[in-house]
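Encoded as structure tokens, the structure appears first; notes follow it.
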Amino acid sequence: IFQQAWRRLATRAGGEMRIKLPSEIMFLGGAPGAGKGTMTPYIMYERGLTAKPIVISSLLKSPAARKIIDEGGLVGDMEVFNMLLDELSSQEQLEGALVDGFPRTV
């Protein structure tokens, strides 16, 4: 999954050397209701992160994910990983990113 998603990102960026990812990425994992969302503001404050956290369940409400769902499909690991890489490579996440709820499958 990673190599295919990376090639897609490199193509969209105009080459691998043009991809910019955050200097720090933190992943919060845990079952629903475990406290990821509760702890997020504290972690972000302590680490000095200013960008909005990347919440995987919110990415599944994006137009790309909705299209798959509306067509009767399931949003698979590849699509979720592509959406995550798109978010991580956004300008606002360069100083550091907090990812909530990834991976969705193990």
Side-chain angles (χ1 to χ4, degrees):
I1 289 176
F2 178 81
Q3 287 187 349
Q4 187 176 355
W6 186 258
R7 281 192 300 267
R8 175 189 160 274
L9 184 62
T11 299
R12 293 178 74 187
E16 207 170 277
M17 299 303 290
R18 299 187 71 183
I19 297 172
K20 296 194 184 325
L21 293 173
S23 57
E24 175 179 43
I25 304 172
M26 289 172 277
F27 291 89
L28 295 181
K36 297 179 303 288
T38 301
M39 295 308 297
T40 294
Y42 301 108
I43 295 168
M44 294 186 70
Y45 174 79
E46 288 298 321
R47 300 302 302 158
L49 302 177
T50 57
K52 175 176 91 164
I54 300 170
V55 181
I56 300 300
S57 61
S58 294
L59 293 181
L60 296 176
K61 297 174 186 166
S62 71
R66 288 291 343 147
K67 183 175 186 288
I68 294 168
I69 294 166
D70 291 346
E71 291 173 354
L74 295 173
V75 182
D77 291 340
M78 183 63 161
E79 290 84 7
V80 172
F81 195 60
N82 279 329
M83 287 186 258
L84 175 59
L85 281 179
D86 288 344
E87 288 294 316
L88 287 173
S89 64
S90 70
Q91 184 69 31
E92 65 189 26
Q93 298 290 344
L94 284 180
E95 295 300 316
L98 189 137
V99 180
D100 176 342
F102 183 84
R104 295 183 63 80
T105 59
V106 182

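All values below come from the heavy atoms of this structure, side chains included, with hydrogens, waters and symmetry mates left out. If you read the sequence from its start, that first residue is 1, and numbering goes on from there.
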Side chains of residues 28-47: which donor-acceptor partners sit under 3.5 Å, not counting sequence neighbours?
| residue | atom | partner | partner atom | Å |
| --- | --- | --- | --- | --- |
| Lys36 | NZ | Gly30 | O | 3.0 |
| Lys36 | NZ | Ala31 | O | 3.2 |
| Thr40 | OG1 | Lys36 | O | 2.7 |
| Arg47 | NE | Glu24 | OE2 | 3.0 |
| Arg47 | NH2 | Glu24 | OE2 | 2.6 |

Remaining members of hydrophobic cluster (4.5 Å side-chain criterion), [X]:
X: Leu74; result: none
X: Ile69; result: Ile1, Phe2, Trp6, Leu9, Ile19, Leu21, Ile25, Phe27, Ile54, Ile56, Leu59, Leu60, Ile68, Val75, Met78, Val80, Phe81, Met83, Leu84, Leu85, Leu88, Val99, Phe102
X: Met17; result: none

Review point. Looking at CG of Asn82 and CD of Glu87, how far apart are the two atoms once the value is rounded to the nearest 0.5 Å?
Key: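 Spacing of CG (Asn82) from CD (Glu87) equals 12.0 Å.
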Review point. Do you know the tightest heavy-atom contact between Ala51 and Gly96?
Key: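 Ala51 and Gly96 have their closest heavy atoms at CB-O, 4.4 Å.
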Practice item. Report the residues that fulfil salt bridge (charged side-chain N to carboxylate O under 4.0 Å, His left out) with Arg8, sequence neighbours left out, ordered by chain and then residue number. Key: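 Once residues adjacent in sequence are excluded, the partners of Arg8 under the salt bridge (charged side-chain N to carboxylate O under 4.0 Å, His left out) criterion are Asp86.
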**Study point:** Partners meeting salt bridge (charged side-chain N to carboxylate O under 4.0 Å, His left out) with Lys67 (sequence neighbours left out)
**Key:**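 Testing Lys67 for salt bridge (charged side-chain N to carboxylate O under 4.0 Å, His left out), a comparison that skips the adjacent residues, returns Glu71.
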Point to revise | Glu95 vs Thr50 side-chain heavy atoms within contact, under 4.5 Å | key: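 No, side chains not in contact.
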